[in-house]
Amino acid sequence: MEYVQFGTTEFKVSRLALGCMSMSGAYGPADDNESIATLHKAFDLGINFIDTSASYGSGHNHELIAKALKGRRERIVIHSKSGSPRTPDAKGSRSGSTPEYLTQNCEQSVKRLGIDALDFFCMSRVDPDIPVEESVGAMARLVERGLTRYVGLSEASANSIRRARKVHPIASLQMEYSLWSRDPEGGNITACREYNMGFMAYSPLGRGFFAGAVHDTKDMSDGDGRSGHPRFQAESLERNLKLLAQFEAIAREKNATPAQLALAWLLAQGKDIIPIPSNKTRKHLDENIKATEVRLTPEDLKRLDTIFRPEAVAGPRSRDMHRVNI
């Protein structure tokens with residue numbers, strides 16, 4: 001496993017991180033024992049960077065990780081997002097950017113994980129109604145209290161990053177980034193490189209699309225979060241599957257699985273880009289980690305960029321576009 005310096009922090013992290021969201025039911029049922037076995041295998045294979053959130057399974061994800069971390073904490077870098085509190089009917093969300101929420105969230109996260117401090121505490125969304133300076137000020141106080149070593153932002157615009165840095169150093173940015181979600185190329189990655197921040201690419205497999213997990217709306221089980229996603233609705237999915245067929249043909253040429261090709265494309269975007277594929281089984285972990293062995297030529301990259309030019313993809317990348325990249 002190759003390791004790279006993560007921004008200006010003291011951490012050297014694996015080129016692939018492990019996203020833990022699917023271990024708490026985001027894409028259908030998960031088995032806790034298999035999830036813990038997957039975490040342990042990831043650690044044994046050299047992955048030392050995990051991404052979680054207080055919102056995954058309403059705390060379940062943190063409690064699960066706490067079990068897997070026993071005896072291994074000093075080797076693992078933990079990045080935890082705040083999440084956004086849901087309304088009582090669970091159909092909407094309230095602001096997760098208030099100082100009170102962020103403070104309580106970090107305190108609860110540390111407790112559930114059974115650790116002294118987070119390595120990174122990340123605000124999941126910038127609230128347009130709450131100055132980012134106010135939110136980051138609260139996070140800075142958490143650093144002073146020793147509850148987190150560094151603070152990060154998720155889905156934050158270049159402007160928000162610049163404003164936030166005037167209050168406290170921002171160690172990292174996390175955004176959705178994959179062949180079919182190219183928003184970070186519009187200025188976010190440039191800002192990260194300007195300030196030597198780490199960049200974490202979430203949903204690098206397009207919520208399983210590039211892994212071939214969904215070829216029909218019937219492939220999504222009850223409770224699968226993708227069922228309400230714009231790109232997985234019947235008409236959009238039909239159009240996107242035509243792109244996937246071309247993508248899968250290139251994967252076969254490279255003797256790689258589609259998931260490996262999708263991750264290899266991200267790894268080729270720069271050593272400061274850390275993909276965080278979400279795994280809940282050892283089988284998928286084994287497949288994804290081999291993406292580090294796939295080599296893409298400039299011609300390969302050009303072909304992939306042409307297939308997944310932004311206007312070719314059907315549907316917005318989020319059902320809540322008003323809440324991202326603010």
Side-chain angles (χ1 to χ4, degrees), residues 1-7 12-19 22 42 45-49 51 172-193 196-215 231 239-279 283-314 317:
M1 176 62 67
E2 180 184 5
Y3 299 87
V4 293
Q5 199 73 38
F6 193 64
K12 284 195 171 182
V13 300
S14 47
R15 283 301 317 275
L16 280 181
L18 177 64
S22 62
L45 289 173
I47 291 178
N48 71 340
F49 199 13
D51 178 67
S172 60
L173 176 69
Q174 184 174 130
M175 281 190 73
E176 181 174 359
Y177 189 31
S178 70
L179 269 167
W180 74 351
S181 295
R182 310 289 285 275
D183 289 10
E185 296 173 1
N188 308 81
I189 292 175
T190 298
C192 286
R193 288 173 175 165
N196 197 16
M197 293 165 52
F199 184 94
M200 303 174 72
Y202 79 78
S203 291
L205 300 181
R207 295 176 171 81
F209 177 77
F210 290 108
V214 179
H215 282 90
R231 291 183 175 171
R239 289 174 55 190
N240 290 330
L241 286 172
K242 293 178 181 178
L243 305 180
L244 183 65
Q246 299 176 66
F247 175 79
E248 290 174 332
I250 295 176
R252 289 191 292 271
E253 291 177 19
K254 305 300 293 185
N255 293 316
T257 67
Q260 290 165 355
L261 180 58
L263 292 172
W265 178 85
L266 268 173
L267 291 169
Q269 303 311 301
K271 291 195 174 184
D272 54 342
I273 306 294
I274 307 295
I276 45 174
S278 186
N279 293 139
K283 177 182 177 181
H284 287 143
L285 173 68
D286 285 335
E287 176 185 357
N288 290 346
I289 205 166
K290 291 178 182 177
T292 58
E293 302 171 7
V294 178
R295 298 293 176 261
L296 300 179
T297 66
E299 291 74 20
D300 294 330
L301 295 171
K302 184 176 180 179
R303 290 169 67 194
L304 291 168
D305 287 343
T306 299
I307 294 170
F308 285 96
R309 59 194 185 280
E311 65 272 18
V313 179
R317 71 177 177 91

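Small disclaimer: the values here were computed from a predicted structure and weren't measured.
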Chi angles and distances behind the ring-ring contact (aromatic ring centres under 6.0 Å, His included) call for Phe308, Phe210: CA-CA 12 Å; Phe308 285 96; Phe210 290 108; 5.2 Å; yes

Rounded distance [0.5 Å steps], CD1 in Ile189 versus CE in Met197: 11.5 Å

Arg207 (side chain) donor-acceptor with Pro204 (main chain) under 3.5 angstrom: no

Phe199/Asp272 under side chain to side chain contact (heavy atoms under 4.5 Å, CB included): CA gap, chis, key distance, verdict: CA-CA 6 Å; Phe199 184 94; Asp272 54 342; 5.7 Å; no

Where Ile307 and Ala312 come nearest, the two heavy atoms and their spacing: O-CB, 3.7 Å

Evaluation steps, side chain to side chain contact (heavy atoms under 4.5 Å, CB included), between Leu243 and Leu179: CA-CA 11 Å; Leu243 305 180; Leu179 269 167; over 6 Å; no

Close side-chain approach of Arg231 and Phe209, heavy atoms under 4.5 Å: no

Heavy-atom neighbours of Lys290 NZ exceed 12 at 6.0 Å: no

CA sep, side-chain torsions, deciding dist, call: Cys192, Met175, side chain to side chain contact (heavy atoms under 4.5 Å, CB included): CA-CA 11 Å; Cys192 286; Met175 281 190 73; over 6 Å; no

Interatomic distance, Asn288 atom CG to Leu45 atom CG [nearest 0.5 angstrom]: 11.5 Å

Donor-acceptor pair between Trp265 and Asp305 side chains, under 3.5 angstrom: yes

Minimum heavy-atom distance Glu176-Tyr202, with the two atoms named: N-CE2, 3.0 Å

Distance-minimising heavy-atom pair for Met1 and Gly46: CG-O, 3.7 Å

Nearest heavy atoms of Gln174 and Asp51, plus distance in Å: NE2-OD1, 3.1 Å

Closest approach of Val13 to Asn48 (non-hydrogen atoms, all atoms of both residues): CA-OD1, 3.4 Å

Sidechain-backbone polar pair: Glu287 side chain, Gln260 backbone, donor-acceptor under 3.5 Å: no

Minimum heavy-atom distance between Tyr3 and Ser14, given as atom pair plus value: CD2-N, 3.5 Å

Polar side-chain atom of Arg15 near backbone of Ile273 as donor-acceptor pair, under 3.5 Å: yes

Approximate separation, where rounding is to 0.5 Å, of Glu293 CD and Asn255 CG: 12.0 Å

Donor-acceptor contact below 3.5 Å, side chain Thr297 vs main chain Asp300: yes

Verdict with supporting geometry, Leu261 and Leu296, side chain to side chain contact (heavy atoms under 4.5 Å, CB included): CA-CA 9 Å; Leu261 180 58; Leu296 300 179; 3.6 Å; yes

